[in-house]
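Each remark here refers to the structure printed beneath this line.
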Amino acid sequence: MDEQGTSYIELLCVLLIVNILAAIILPKLTMMDKISLDYEARYLVSDLRWMQEQSIYRMNGNEKFNRIEFDTMPKLVMDQNPESGYVIFKGPNIVKQHTFTKPITIPTNYVNVRFTIDGRMNPPRTIYLYEGHERLAVIIDVAGRIRIEKPGSFFK
C-alpha cells in the first residue's frame with residue numbers, strides 16, 4: 001500500500017526531536033548573557049585595580065615616597081551614554097577607553113571613580129552592571145578591596 005502524507009506518530013517524533021534540540025540550545029543562549037556580563041565585570045575590576053595601584057604612593061629606592069599630584073591620579077569616568085562603556089583619564093590625557101561588547105547598563109550616578117593616594121575608596125562604592133535581567137555588583141569598600149558579587153548573595 002502506498003501511503004501519502006504523514007501519520008500522527010511521525011509528526012510526534014518530529015516534534016519530540018525539535019523540543020529536545022530546543023531544550024539543549026536555549027539554555028546555552030541565556031548562559032552567553034551571563035558570561036558576557038561576568039566578562040565585563042571582571043574587566044572593570046581589572047581596570048579599577050590598575051587605577052588603585054597607580055594611585056598608591058611609590059617607593060623611591062629606600063628613600064622617601066614620591067608624592068603623586070592629585071590631578072595626575074587615574075579617574076574612571078562613565079560615558080554620557082551608560083550603555084557604551086567608560087574612559088580612564090590620567091590628568092587631561094585618556095589612558096584607556098573601554099566599550100562594552102553587549103548593551104550593559106551602569107546607572108549614571110557612578111560618573112567618577114577615583115582612589116585616594118593610599119589606594120582607599122572614600123566613600124565606598126557599589127557599581128551595578130545590568131544586562132537584561134542579570135545583575136552583578138562591583139564592590140569597592142573603604143579599605144580599597146574590590147570584588148564582584150551577585151546582588152542576591154549579599155542582600156539576604
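When a residue number appears, it is its place in the shown sequence, counting from 1.
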Cluster partners of Leu21, using ILVMFWY side-chain heavy atoms under 4.5 angstrom, listed by chain and number? Ile17
Does the side chain of Ile139 reach to within under 4.5 Å of the side chain of Tyr128, using non-hydrogen atoms? no
Ring geometry between His98 and Tyr43 (parallel below 30°, tilted from 30 to 60°, perpendicular above 60°): parallel
What side chain to side chain donor-acceptor pair (under 3.5 Å) pairs are there with at least one residue in residues 137-148, not counting sequence neighbours? Asp141-Arg145, Arg147-Glu149
Can you check whether Phe89 reaches Val77 side chain to side chain, under 4.5 Å on heavy atoms? yes
Transitive ILVMFWY side-chain link Leu48 to Tyr39, under 4.5 Å: yes
Could you please spell out the steps behind the side-chain contact (heavy atoms from CB on, under 4.5 Å) verdict for Arg49 and Val45? CA-CA 6 Å; Arg49 287 184 178 148; Val45 166; 3.5 Å; yes
For a 4.5 angstrom cut-off between non-hydrogen side-chain atoms, does Leu44 reach Tyr86? yes
Taking C-beta and beyond as the side chain, do Asp47 and Ile88 meet within less than 4.5 Å on heavy atoms? yes
Please report the interatomic distance CD1(Ile9) to CG(Leu16), rounded to the nearest 0.5 Å. 12.5 Å
Contact check, side chains of Ile140 and Thr126, non-hydrogen atoms, under 4.5 Å: no
Rounded distance [0.5 Å steps], SG in Cys13 versus OH in Tyr8: 15.0 Å
Any donor-acceptor pair under 3.5 Å linking the side chain of Ser46 with the backbone of Arg42? no
Do Ile20 and Leu12 sit in one hydrophobic cluster, given that two such residues count as connected whenever their side-chain heavy atoms are within less than 4.5 Å of each other, even indirectly? no
Steps toward side-chain contact (heavy atoms from CB on, under 4.5 Å) verdict (Met51, Leu76): CA-CA 8 Å; Met51 288 174 50; Leu76 185 136; 3.6 Å; yes
Heavy-atom check, side chain of Ile146 versus side chain of Gln52, under 4.5 Å: yes
Of all heavy-atom pairs linking Arg120 and Val142, the shortest is CB-O, 3.2 Å
Are Arg125 and Val113 packed together at the side-chain level, in the sense that at least one heavy-atom pair is separated by less than 4.5 angstrom? yes
Would you name the heavy atoms of Asn112 and Lys75 that are closest together and state the gap between them? OD1-CD, 4.1 Å
Any donor-acceptor pair under 3.5 Å linking the side chain of Glu10 with the backbone of Ser7? yes
Under the side-chain contact (heavy atoms from CB on, under 4.5 Å) criterion, do Leu129 and Arg135 qualify, and how do the steps go? CA-CA 6 Å; Leu129 287 85; Arg135 179 171 77 164; over 6 Å; no
How about Ser36 and Glu131: do any of their side-chain heavy atoms sit closer than 4.5 Å? yes
